[in-house]
Amino acid sequence: MTNISEKNIRNFQEKIFAWWMENKRSLPWRETTDPYYILIAEIMLQQTQVNRSIEKYLEFIEEFPSLEKLASAPISSVLKIWSGLGYNRRALWLQEAAKQIVELKEFPKTQEELQKLKGIGPYTSRSILIFAFNYEIATVDTNIRRILIAEKFAEEETKEKELFIIAQKLLPKGRARDWHNALMDYGSLVLTAAKTGIKPKTTNSEKSKESRRYRGLIVKYLTSYSKVKKEQIVKDCNIPEEKVNDILLGLIADGLVVKIKKNYTLPE
DNA sequence: ATCCCGGACT
DNA sequence: AGTCCGGGAT
């Protein structure tokens, strides 16, 4: 990547912050710097649009107000709230991460430590350090990637590693938290994917809508009923007999369902 | 009805 | 490189 001039960087920062002063969104997870709450929000936002996350986030922190509460909760109660957000495996990972942090006695404060936790990768490890601790680092999600490309700081082909380096250069000193909130807002309200035509990197699930729906149905069902037989699931969830085996096998493979003797139930 | 969106795991 | 979910846009 060619050098970005200081003037270029300053102009960009000023433009973003000027826009943000007038247009910033008020979101529940922006009212806290508690790393536990930030962790919940970031895991949810990995997979779900802001608007759909708000209500679930509020429910979640009310039900599990502390790391300890989440770590010791039955997984069915966690999935009960999570259910409907999509990617239920991440609810398992979030609780697993909570357990690991409780063990550590102290919330991890480095990227390396955070990435050892289940469900936390390069983006989320950084975002937690930024939003909880205002650390002097940058992170890049698809919103920010799209901004970097649209503003000609990067190209569609630019590799992830390089994107992080570029983002770091653009970071205004001492304002990582505000800066990333501003970028997220700008990316999702102004430089949208539809408007810029910049395609995201990630690929989509190939699972059919139908089978996704059945999986979700079964998980939701099992948050209310435990240790049920296959026939019961077929009947109560209205799942085609010929499909139920594959779906249950998939759920078991993902650790969302366990089979004990002839009964299916949520893990633990 | 069909397409689009998204970070981390394996 | 392939897989994972569910709502919203078109």
Side-chain angles (χ1 to χ4, degrees), chain A residues 29 38-57 78-97 100 108 111-131 138-150 156-157 159-161 163-164 167 180 183-184 187-189 191-223 237 239 243 246-257 267:
Chain A
W29 47 85
I38 302 292
L39 167 68
I40 294 166
E42 287 304 321
I43 298 291
M44 280 189 182
L45 290 164
Q46 282 175 3
Q47 65 198 53
T48 314
Q49 290 95 331
V50 162
N51 287 340
R52 283 204 299 138
S53 298
I54 293 173
E55 203 175 325
K56 290 286 187 182
Y57 169 81
V78 181
L79 283 168
K80 203 161 205 159
I81 293 180
W82 201 271
S83 199
L85 271 177
Y87 296 112
N88 284 320
R89 286 184 303 178
R90 293 183 188 185
L92 305 188
W93 296 342
L94 176 55
Q95 190 189 36
E96 182 59 33
Q100 289 176 275
Q111 204 185 310
E112 293 72 28
E113 287 174 296
L114 282 166
Q115 280 188 219
K116 285 184 196 156
L117 304 175
K118 257 304 209 263
I120 300 183
Y123 163 76
T124 308
S125 58
R126 288 175 165 91
S127 69
I128 289 169
L129 296 175
I130 292 162
F131 294 124
T139 194
V140 181
D141 70 341
T142 50
N143 277 301
I144 297 177
R145 171 177 174 271
R146 208 169 51 244
I147 296 173
L148 296 181
I149 295 165
E156 297 220 38
E157 296 74 27
K159 300 267 188 284
E160 182 177 87
K161 203 176 166 186
L163 288 172
F164 278 101
H180 285 84
L183 287 177
M184 302 289 181
S188 54
L189 299 175
L191 293 180
T192 61
K195 207 179 291 180
T196 59
I198 297 165
K199 295 237 186 307
K201 291 284 256 184
T202 51
T203 59
N204 297 336
S205 167
E206 287 183 4
K207 264 217 169 17
S208 73
K209 268 274 204 252
E210 197 69 344
S211 103
R212 288 186 220 172
R213 201 174 62 79
Y214 291 140
R215 281 172 59 104
L217 267 175
I218 293 174
V219 170
K220 197 173 167 69
Y221 177 74
L222 292 176
T223 63
C237 300
I239 295 176
K243 293 191 178 163
D246 282 350
I247 291 167
L248 284 170
L249 280 174
L251 287 168
I252 290 167
D254 288 343
L256 278 163
V257 171

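Sequence lines set the chain letters: A, B, ... in the order given, protein chains first and strands last, and positions in each chain run from 1.
One finds no side-chain N or O of T48(A) lying less than 4.0 angstrom from the OP1 or OP2 phosphate oxygen of dG6(B). Using a 4.0 Å cut-off, no side-chain N or O of K209(A) falls inside it from OP1 or OP2 of dG8(C). Residue R146(A) has a polar side-chain atom (N or O) positioned under 4.0 Å from OP1 or OP2 of dG6(B).
To the nearest angstrom, P of dG7(C) lies 6 Å from CZ of R52(A). The interatomic distance linking Q49(A) (CD) with dG6(B) (P) rounds to 9 Å, in whole Å. R145(A) places its CZ atom 9 Å from the P atom of dG6(B), with the value rounded to the nearest Å. Atom-to-atom, OH of Y87(A) to C1' of dA8(B) comes out at 10 Å; the value is rounded to the nearest Å. For the pair I247(A) CD1 and dC4(C) C1', the interatomic distance rounds to 14 Å; values are reported in whole Å. Rounding to whole angstrom units, NZ of residue K199(A) and C1' of dG6(B) are separated by 15 Å.
Among the nucleotides dC5(B), dG6(B), dT10(B), the one closest to the side chain of K118(A) is dT10(B).
Looking at heavy-atom distances under 4.0 Å, L45(A) makes no contact with the nucleic acid at all. When heavy atoms are screened at a 4.0 angstrom cut-off, L251(A) is found touching no nucleic acid atom at all.
Residue Q115(A) is tested with E112(A), E113(A), Q111(A) for a side chain to side chain donor-acceptor pair (under 3.5 Å); the sole match is Q111(A).
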